[in-house]
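Source: prediction; values computed, not measured. Only this structure's heavy atoms are used, side chains among them; waters, hydrogens and symmetry mates stay out. Position 1 is the first residue of the sequence; numbering continues from there.
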Amino acid sequence: MSTTSTDHDPLHQPAAPIVTEPVPDLQLQLLVRLIAQDPQAALPITLTVGGAFLHGDLISHEAWTTDWARSLHGMEGSGAHLLERFPQQVDEVVEDRQGGPVPQRLPQWIHLRDATGVAGGGGTVVMPLWRGRLTDVSGWSLGKPKQA
């Protein structure tokens with residue numbers, strides 16, 4: 001049986017599905033990792049997420065978890081007592097799935113305090129705490145926007 005020159009040519013092979021995933025900005029990942037070195041540190045930042053602007057203070061995961069736990073203590077409702085240890089339980093599950101702390105891994109999440117979201121129509125939403133995936137951030141700038 002003879003083979004043609006196209007039998008081993010990848011350009012003439014049946015196409016296989018290609019899976020692509022968004023890649024976070026390396027500089028932003030390094031900035032988030034830098035902020036993680038000091039739980040008291042915060043930097044003003046503006047992000048583009050889903051076509052909208054979001055600005056606030058970039059904080060560490062540790063600071064966000066502390067503030068989040070504090071805000072959960074103020075929740076009302078019959079199940080509010082269930083939230084007391086929730087932030088610590090989340091961190092324990094994440095650490096367990098990763099096989100222990102992984103300090104050298106680049107961060108996958110970004111955390112803001114006093115975040116303001118600005119949509120295309122000019123409406124704003126204010127959130128005391130915000131957490132998002134770094135892969136969802138399509139642009140960023142240090143500082144907060146100023147009125148022109």
Side-chain angles (χ1 to χ4, degrees), residues 9-148:
D9 184 353
L11 294 176
H12 291 91
Q13 298 300 315
I18 298 173
V19 177
T20 60
E21 295 181 22
V23 177
D25 181 287
L26 179 60
Q27 290 179 348
L28 185 55
Q29 281 183 299
L30 293 172
L31 183 61
V32 169
R33 187 165 77 176
L34 179 67
I35 281 291
Q37 294 177 11
D38 182 358
Q40 303 305 316
L43 285 174
I45 194 165
T46 300
L47 310 173
T48 306
V49 181
F53 288 107
L54 179 67
H55 60 86
D57 292 321
L58 174 62
I59 58 174
S60 69
H61 170 77
E62 184 179 340
W64 180 84
T65 300
T66 300
D67 288 0
W68 187 44
R70 194 174 301 124
S71 73
L72 292 177
H73 288 293
M75 297 293 284
E76 296 183 16
S78 61
H81 68 283
L82 298 172
L83 297 174
E84 289 178 7
R85 280 201 17 86
F86 187 61
Q88 292 82 9
Q89 290 170 336
V90 170
D91 285 345
E92 290 166 8
V93 169
V94 169
E95 189 174 304
D96 184 52
R97 286 188 174 202
Q98 292 175 342
V102 188
Q104 296 303 317
R105 183 176 174 191
L106 287 173
Q108 302 299 307
W109 298 89
I110 186 167
H111 303 87
L112 300 183
R113 180 185 293 135
D114 299 326
T116 301
V118 182
T124 61
V125 176
V126 178
M127 299 160 279
L129 292 170
W130 180 85
R131 171 184 164 99
R133 291 185 310 178
L134 281 164
T135 55
D136 292 335
V137 176
S138 60
W140 63 278
S141 174
L142 287 176
K144 294 180 184 177
K146 296 183 171 130
Q147 295 295 332

Counting C-beta onward and ignoring hydrogens, is there a side-chain heavy-atom pair between [X] and [Y] closer than 4.5 Å?
{"X": "Trp109", "Y": "Leu134", "value": "no"}
{"X": "Val32", "Y": "Leu106", "value": "no"}
{"X": "Phe86", "Y": "Trp68", "value": "yes"}

When the side chains of residues 23-30 are checked against the rest of the protein, which donor-acceptor pairs come out under 3.5 Å, sequence neighbours left out?
unit_1: Asp25; atom_1: OD1; unit_2: Gln27; atom_2: N; d: 2.9
unit_1: Asp25; atom_1: OD1; unit_2: Leu28; atom_2: N; d: 2.8
unit_1: Gln29; atom_1: NE2; unit_2: Pro107; atom_2: O; d: 2.9

Using 0.5 Å steps for rounding, measure from the [atom1] atom of [X] to the [atom2] atom of [Y].
{"X": "Ile110", "Y": "Thr135", "atom1": "CD1", "atom2": "OG1", "value": "11.5 Å"}
{"X": "Glu62", "Y": "Thr65", "atom1": "CD", "atom2": "OG1", "value": "8.0 Å"}
{"X": "Gln89", "Y": "Asp96", "atom1": "CD", "atom2": "CG", "value": "13.0 Å"}

What pairs with Glu92 under side chain to side chain donor-acceptor pair (under 3.5 Å), at least two apart in sequence or on another chain? Arg85
When the side chains of residues 34-59 are checked against the rest of the protein, which donor-acceptor pairs come out under 3.5 Å, sequence neighbours left out?
unit_1: Asp38; atom_1: OD1; unit_2: Gln40; atom_2: N; d: 3.0
unit_1: Thr46; atom_1: OG1; unit_2: Gly143; atom_2: O; d: 2.7
unit_1: Asp57; atom_1: OD1; unit_2: Lys144; atom_2: NZ; d: 3.3

Expected list for residues 111-123: side-chain donor-acceptor pairs under 3.5 angstrom, two or more places apart:
unit_1: His111; atom_1: NE2; unit_2: His61; atom_2: ND1; d: 3.4
unit_1: His111; atom_1: NE2; unit_2: Arg131; atom_2: NH1; d: 2.9
unit_1: Arg113; atom_1: NE; unit_2: Asp67; atom_2: OD2; d: 2.7
unit_1: Arg113; atom_1: NH2; unit_2: Asp67; atom_2: OD2; d: 2.8

Contact summary for Ala63 and Ser60, nearest pair of heavy atoms: N-OG, 3.0 Å
Under the ring-ring contact (aromatic ring centres under 6.0 Å, His included) test, residues paired with Trp140 that sit two or more places apart: none
